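Along the sequence shown, residues carry numbers from 1. Here the structure is a predicted model, which is why all the values come from computation and not from measurement.
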Amino acid sequence: MNAASQKKGAAWLFIQWGTSKQVELNGAIAGKLVNSPRASTWSDKVWLDYAAKPEFTNFVDTFKSVQDRAALAFTPRVGFAEAMNAWAVAMQKMVNGADVKATLADLASEIRSSM
C-alpha cells in the first residue's frame, strides 16, 4: 500500500479481499490467475479438477515436479549483480525499520553511480 494513500483503511480491506483464499481460488478456477501463491488453492479439489483438463497438458503435475528446483534467472548484464545485492541490502534495512523513502533514494544513487 502506498504510504501516501488517502484511504489506507479501504486500501487494506481491498488487499485483504484481493489476496483472500476464496478470491485466489475463484481466480484460479476462472483461468484468470495462474500459479496461485496460496497452498490452499493448490490443494483444492475444484482447482485440481479444473487444472486437470487436457488443454492444460499436465500443468499441475509439471508444476509440482519442478517447483523445488525452479529459479529465477536473469540475463547477464554488467552491474546487475551489484545492483541486486544493493537492493537486497536496502530491503533488509527497510524491513528492519529504516526510513523507506530515504533508503530507496540512497539505493537509487548507489545504483546510478555504479553504472
Flag side-chain contact, heavy atom, 4.5 Å: Thr103 against Val100 | no
Find out if a path of hydrophobic residues (ILVMFWY) with successive side-chain heavy-atom gaps under 4.5 Å connects Leu25 to Ile15.
-> no
Could you list the residues that satisfy side-chain contact (heavy atoms from CB on, under 4.5 Å) with Asp99, not counting sequence neighbours?
-> Lys101, Ala102
Is there a side-chain contact between Val60 and Lys64, using heavy atoms and a 4.5 Å cut-off?
-> yes
Closest approach of Arg38 to Ser20 (non-hydrogen atoms, all atoms of both residues) = NE-C, 3.6 Å
Minimum-distance pair of heavy atoms, taken over all atoms of Ser5 and Met1 | CB-CG, 4.4 Å
In chain order, what residues pass the side-chain contact (heavy atoms from CB on, under 4.5 Å) check against Gln16, with sequence neighbours excluded?
-> Trp12, Leu13
Atom pairs and distances, side-chain donor-acceptor, residues 80-90, under 3.5 Å, sequence neighbours left out:
from  : atom 1 : to    : atom 2 : distance (Å)
Asn85 : ND2    : Ala81 : O      : 3.3

Under the 4.5 Å side-chain heavy-atom rule for ILVMFWY, direct or indirect, which residues accompany Val23?
-> Phe14, Trp17
Search all heavy atoms of Ala3 against all heavy atoms of Lys8 and return the closest pair with its distance.
-> O-NZ, 2.5 Å
Ignoring hydrogens and angles, write down the donor-acceptor pairs under 3.5 Å from the side chains of residues 43-57, residues two or more places apart or on other chains.
from  : atom 1 : to    : atom 2 : distance (Å)
Ser43 : OG     : Ala39 : O      : 3.3
Ser43 : OG     : Ser40 : O      : 3.3
Asp44 : OD1    : Val46 : N      : 2.8
Asp44 : OD1    : Trp47 : N      : 3.4
Lys45 : NZ     : Asp49 : OD1    : 3.4
Lys45 : NZ     : Asp49 : OD2    : 2.8

Reported CG-to-CZ distance for the pair Leu107 and Arg112, which is rounded to 0.5 angstrom | 9.5 Å
For Glu24 and Gly18, the nearest pair of non-hydrogen atoms, with its separation, is OE2-O, 4.0 Å
Tell me, please, which residues at least two apart from Gln6 pass side-chain hydrogen bond (donor to acceptor under 3.5 Å, both in side chains).
-> none
Atom pair OG1/CD of Thr41 and Gln22 - distance to nearest 0.5 Å = 9.0 Å
Find out if a path of hydrophobic residues (ILVMFWY) with successive side-chain heavy-atom gaps under 4.5 Å connects Leu33 to Trp42.
-> no
